[in-house]
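In the text below, chain A, chain B and the rest are named by the order of the sequence lines, each starting its count at 1.
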There are 2 protein chains.
Amino acid sequence: MPHEVEHRSLSQYLEENNLKHTKQREAILSAFLEASGHITSEEIHSRVRAEHPNIGYTTVYRTMKLLCDAGLASERHFEDGVTRYEIAHEHHDHLVCLRCGKIIEFECAMIEKTQLEIADRYRFRVLRHRHELYGHCDACAAAPT
Amino acid sequence: MPHEVEHRSLSQYLEENNLKHTKQREAILSAFLEASGHITSEEIHSRVRAEHPNIGYTTVYRTMKLLCDAGLASERHFEDGVTRYEIAHEHHDHLVCLRCGKIIEFECAMIEKTQLEIADRYRFRVLRHRHELYGHCDACAAAPT
DNA sequence: AGTGAAAATGAAAGTCATTTTCATTAAAGC
DNA sequence: GCTTTAATGAAAATGACTTTCATTTTCACT
């Protein structure tokens with residue numbers, strides 16, 4: 001049974017909040033984890049439907065929100081207006097290829113530190129941030145237009 | 001006549017592209033410039049209508065796109081799903097207050113340089129980026145919840 | 001196993017920012 | 001002034017997401 005830790009984590013969240021344990025939630029969590037990140041609701045929906053043909057979009061949207069609340073997923077908004085979900089883990093930022101859509105994660109302590117210093121100058125309390133570099137990945141830059 | 005430079009710049013762009021010089025475009029450019037930045041289409045629309053009551057949303061949207069193409073404005077997408085336009089000028093990043101919506105601009109050569117080094121490591125060509133810090137401004141952090 | 005209250009589901013309708021369509025109007029070159 | 005071509009604006013369409021609501025499930029308690 002893959003992703004057992006995450007499924008247990010979902011169960012615990014559901015119990016703690018008096019929510020119910022349903023096969024839809026299980027299925028959506030599995031589909032999301034199998035896709036390993038940066039996936040849209042639509043993609044999750046079509047993956048889940050392969051196994052459970054009558055799960056609707058509504059349930060996918062609702063469940064992904066729940067997984068975010070449970071700390072298992074997190075929402076990302078890149079520049080195409082579609083919400084993507086990634087597996088929750090340590091903070092990081094992104095390189096996004098404008099041609100093939102590939103998303104590379106990066107992190108840089110130096111930048112994190114510098115941005116807090118900047119915020120300080122404006123007496124601004126940073127709660128979260130986004131830092132995205134858009135351009136072309138190696139393969140796409142090499143490929144003909 | 002305020003913002004004469006920008007109006008001339010619009011005229012030039014229209015001529016170069018065989019587009020027409022209309023009072024709506026003039027009015028929208030004026031309204032946009034008077035607001036001095038980070039304004040939504042809706043705000044522009046309501047400002048313009050004060051003077052020209054029958055300019056529609058459609059024209060505002062179309063004209064703002066044109067102003068972006070003409071290099072006079074640029075689009076920004078923060079986290080509320082509404083497109084904002086700012087007066088085009090040197091690249092910079094933003095601090096966004098989650099309570100009052102205040103937007104502070106900043107720039108940091110050090111961060112810019114560091115992010116290019118990171119991209120290099122992934123052989124990624126950066127075309128543009130966004131870097132936004134979300135949190136509370138001084139006034140809002142001090143105010144009661 | 002049976003019951004019932006509370007929560008979950010899903011289909012359909014609703015939002016909301018933005019875009020498209022299309023019939024009408026207005027610039028600008030002759 | 002005419003004519004071509006672009007611009008306008010009202011209304012309909014789009015698309016991602018949310019809400020509604022009647023129905024179904026879960027689960028704590030018999």
We want to know whether [X] and [Y] form a side-chain donor-acceptor pair, criterion being a heavy-atom distance below 3.5 angstrom.
{"X": "B:His3", "Y": "B:Ser30", "value": "no"}
{"X": "B:His21", "Y": "B:Arg25", "value": "no"}
{"X": "A:His52", "Y": "A:Glu26", "value": "no"}

Tell me whether the side-chain N/O atoms of B:Tyr61 come closer than 4.0 Å to OP1 or OP2 in C:dT18. yes
Phosphate OP1/OP2 of C:dT9: any A:Thr58 side-chain N/O under 4.0 Å: no
Please compare A:Asn18 and B:Tyr85 by the position of their nearest nucleotide in DNA chain C and report the one closer to 5'. A:Asn18
Option among A:Phe78, A:Tyr134, A:Phe106 that satisfies the ring pair (Phe, Tyr, Trp, His ring centres under 6.0 Å) test with A:His94: A:Phe78
Distance check needed: D:dT26 C1' versus A:Glu15 CD, whole Å only. 13 Å
Spacing between B:Glu26 atom CD and D:dT8 atom C1', to the nearest angstrom: 16 Å
With the sugar-phosphate defined as primed atoms, P, OP1 and OP2, and the base as all remaining atoms, what B/S/- string results for nucleotides 22-30 of chain C, 5' to 3', for protein heavy atoms under 4.0 Å? -----BS--
If you look at every strand shown and take non-hydrogen atoms under 4.0 Å, does A:Ser41 touch a base, only sugar-phosphate, or nothing? nothing
Within the structure shown, what part of the strands sits under 4.0 Å from B:Thr83 by heavy-atom distance: base, sugar-phosphate, or nothing? sugar-phosphate
All side-chain hydrogen bond (donor to acceptor under 3.5 Å, both in side chains) counterparts of A:Ser74, not counting sequence neighbours: none
Are A:His77 and B:His77 close enough that their ring centres sit under 6.0 Å apart? no
